[in-house]
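Have a look at the structure below before the remarks.
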Amino acid sequence: IRRFGPGVPEVCIDVLEHGDFGLAPAAIYGLRAFGYEAWAEGYWEDEHYRIRAPGASEWQIIHRTIKQQNPYVAKQKEGM
């Protein structure tokens with residue numbers, strides 16, 4: 001993944017902010033490959049990400065700017 005260049009962390013952070021839930025694990029692993037500490041916390045609508053750049057002392061908290069509905073909950077509500 002490092003062969004993709006130094007812009008990868010910026011793209012990974014953008015994915016965490018605006019991307020699909022399914023891409024979040026790849027974005028976290030991408031950040032880790034570049035020396036970031038990166039964690040997902042919460043679940044679905046409450047999910048957020050905690051990242052820290054190499055050498056930084058402060059954590060950055062990323063809250064999703066889009067809300068995606070949990071498809072399993074939506075399906076259960078339709079059946080009620």
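In what follows, every heavy atom counts, from backbone to side chain, and hydrogens, waters and symmetry copies are set aside.
- Between F34 and P54 the shortest side-chain heavy-atom distance does not fall below 4.5 Å.
- In terms of hydrophobic clustering, with Ile, Leu, Val, Met, Phe, Trp and Tyr side chains grouped at heavy-atom distances under 4.5 Å, I28 and V8 are assigned to a common cluster.
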How far apart are the C-alpha atoms of I61 and H63, what are their side-chain angles, what is the distance that settles it, and do they pass the side-chain contact (heavy atoms from CB on, under 4.5 Å) test? CA-CA 6 Å; I61 307 299; H63 296 278; 3.4 Å; yes

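- Both I13 and Y49 are assigned to one and the same hydrophobic cluster, defined by single-linkage of ILVMFWY side chains at heavy-atom distances under 4.5 Å.
- The line from CH2 of W39 to CZ of R52 is 11.0 Å long, rounded to the nearest 0.5 Å.
- Two residues are said to be in side-chain contact when any heavy atoms from C-beta on lie closer than 4.5 Å; E41 and R50 meet this criterion.
- Across all non-hydrogen atoms, the minimal contact from I62 to E17 is CG2-CG, 3.3 Å.
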Worked check of side-chain contact (heavy atoms from CB on, under 4.5 Å) between L23 and L16: CA-CA 8 Å; L23 298 175; L16 293 177; over 6 Å; no

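- Residue W59 qualifies as enclosed at atom CH2: its count of foreign heavy atoms under 6.0 Å is above 12.
- Across every non-hydrogen atom of P6 and P9, the tightest pair is O-CD, 3.3 Å.
- A donor-acceptor distance shorter than 3.5 angstrom exists from the side chain of R32 to the backbone of A38, with no hydrogens or angles considered.
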